[in-house]
Amino acid sequence: MRTEKALLVGAVSLVKHRFRGEGQIVLAVRDEIDAAMKRNGFLINAPFTTVSLIIRYADKDDMRTEIGKVNRENGVIPIAVQVNVGCLSAMDAAELQNAFRKLLIEVLCDLAANFDLPYAFLDAMRAESPPT
């Protein structure tokens, strides 16, 4: 399935929790970063056309980005990262937006390092983010 988006984001829960409202925040952050990826030619020389990120909500952080194999049929590379849902659910909307923004930037920096992709714009976005 081809998509116009450079970045797709989904989530799965590995632990039982009540965590509401993050969907809209994640989509807003995804749209911002997707536009920046396109503006800065992030995927021009990549062996894929779309990054599919799965955020795993768990009881602890594991910020090692898991990078899967590129699906040559649809041009998608799957990646995943695990975050502590307890920490996220304690945040207000602004803190949550900042946390997801930082998460997506870090994951894309890892991907850029693995595939020699441009990341200067990600560093600039990271520097613009307020500290958490």
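These figures come from a predicted structure and were not determined experimentally. Along the sequence shown, residues carry numbers from 1.
Under a 4.0 Å N-O distance rule, the pair E128/R101 qualifies as a salt bridge. Between D62 and R56 there is no salt bridge, since no side-chain nitrogen of the basic residue lies less than 4.0 Å from a carboxylate oxygen of the acidic one.
Minimum heavy-atom separation, G41 to P118: O-CG, 3.8 Å. Taking every heavy atom of both residues into account, K38 and A6 meet most closely at CE-N, 3.9 Å. Between L14 and A58, the closest heavy-atom pair is CD1-CB, 4.1 Å. Of all the heavy atoms in P47 and V70, the pair that sits closest is O-CG1, 3.4 Å.
Counting heavy atoms from C-beta outward, V51 and M37 have side chains that approach closer than 4.5 Å. The side-chain heavy atoms of V107 and L53, taken from C-beta on, include a pair separated by under 4.5 Å. Within the 4.5 Å cutoff, the side chain of L111 has heavy atoms near those of the I67 side chain. L88 places a side-chain heavy atom less than 4.5 Å from the side chain of Y57. E22 places none of its side-chain heavy atoms less than 4.5 Å from the side chain of S89. Between M63 and L103 there is a side-chain heavy-atom pair separated by less than 4.5 Å. At a threshold of 4.5 Å between non-hydrogen side-chain atoms, the residues Q97 and M91 do not count as touching.
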Only distances under 3.5 Å count here; give the side-chain donor-acceptor pairs of residues 75-86 to other protein atoms, sequence neighbours excluded, each with its distance to 0.1 Å.
from : atom 1 : to  : atom 2 : distance (Å)
Q82  : NE2    : K60 : O      : 3.1
N84  : OD1    : G86 : N      : 2.8
N84  : OD1    : C87 : N      : 3.4

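Hydrophobic clustering of Ile, Leu, Val, Met, Phe, Trp and Tyr side chains at less than 4.5 Å, counting indirect connections, unites V15 with L96. There is no path of hydrophobic side-chain contacts, each under 4.5 Å, that joins I25 to I54.
Under a 3.5 Å cut-off, the side chain of D34 and the backbone N or O of R30 do not form any donor-acceptor pair.
In this structure, CG on L117 lies 9.5 Å from CG on L108, to the nearest 0.5 angstrom. The structure places CZ of F100 at 10.5 Å from CG of L27, a figure rounded to the nearest 0.5 Å. The CG atom of L43 sits 7.5 Å away from the OG1 atom of T50 when rounded to the nearest 0.5 Å. In this structure, M125 CE and L104 CG are separated by 9.0 Å, a value rounded to the nearest 0.5 Å. Here CG of N71 is found 10.5 Å from OG of S52. Values are rounded to the nearest 0.5 Å.
Sorted by first and then second residue, the ring pair (Phe, Tyr, Trp, His ring centres under 6.0 Å) pairs with a member in residues 28-52 read F42-F121, F48-F115; sequence neighbours excluded. Sorted by first then second residue, the side chain to side chain donor-acceptor pair (under 3.5 Å) pairs that include residues 108-120, not counting sequence neighbours, are T65-D110.
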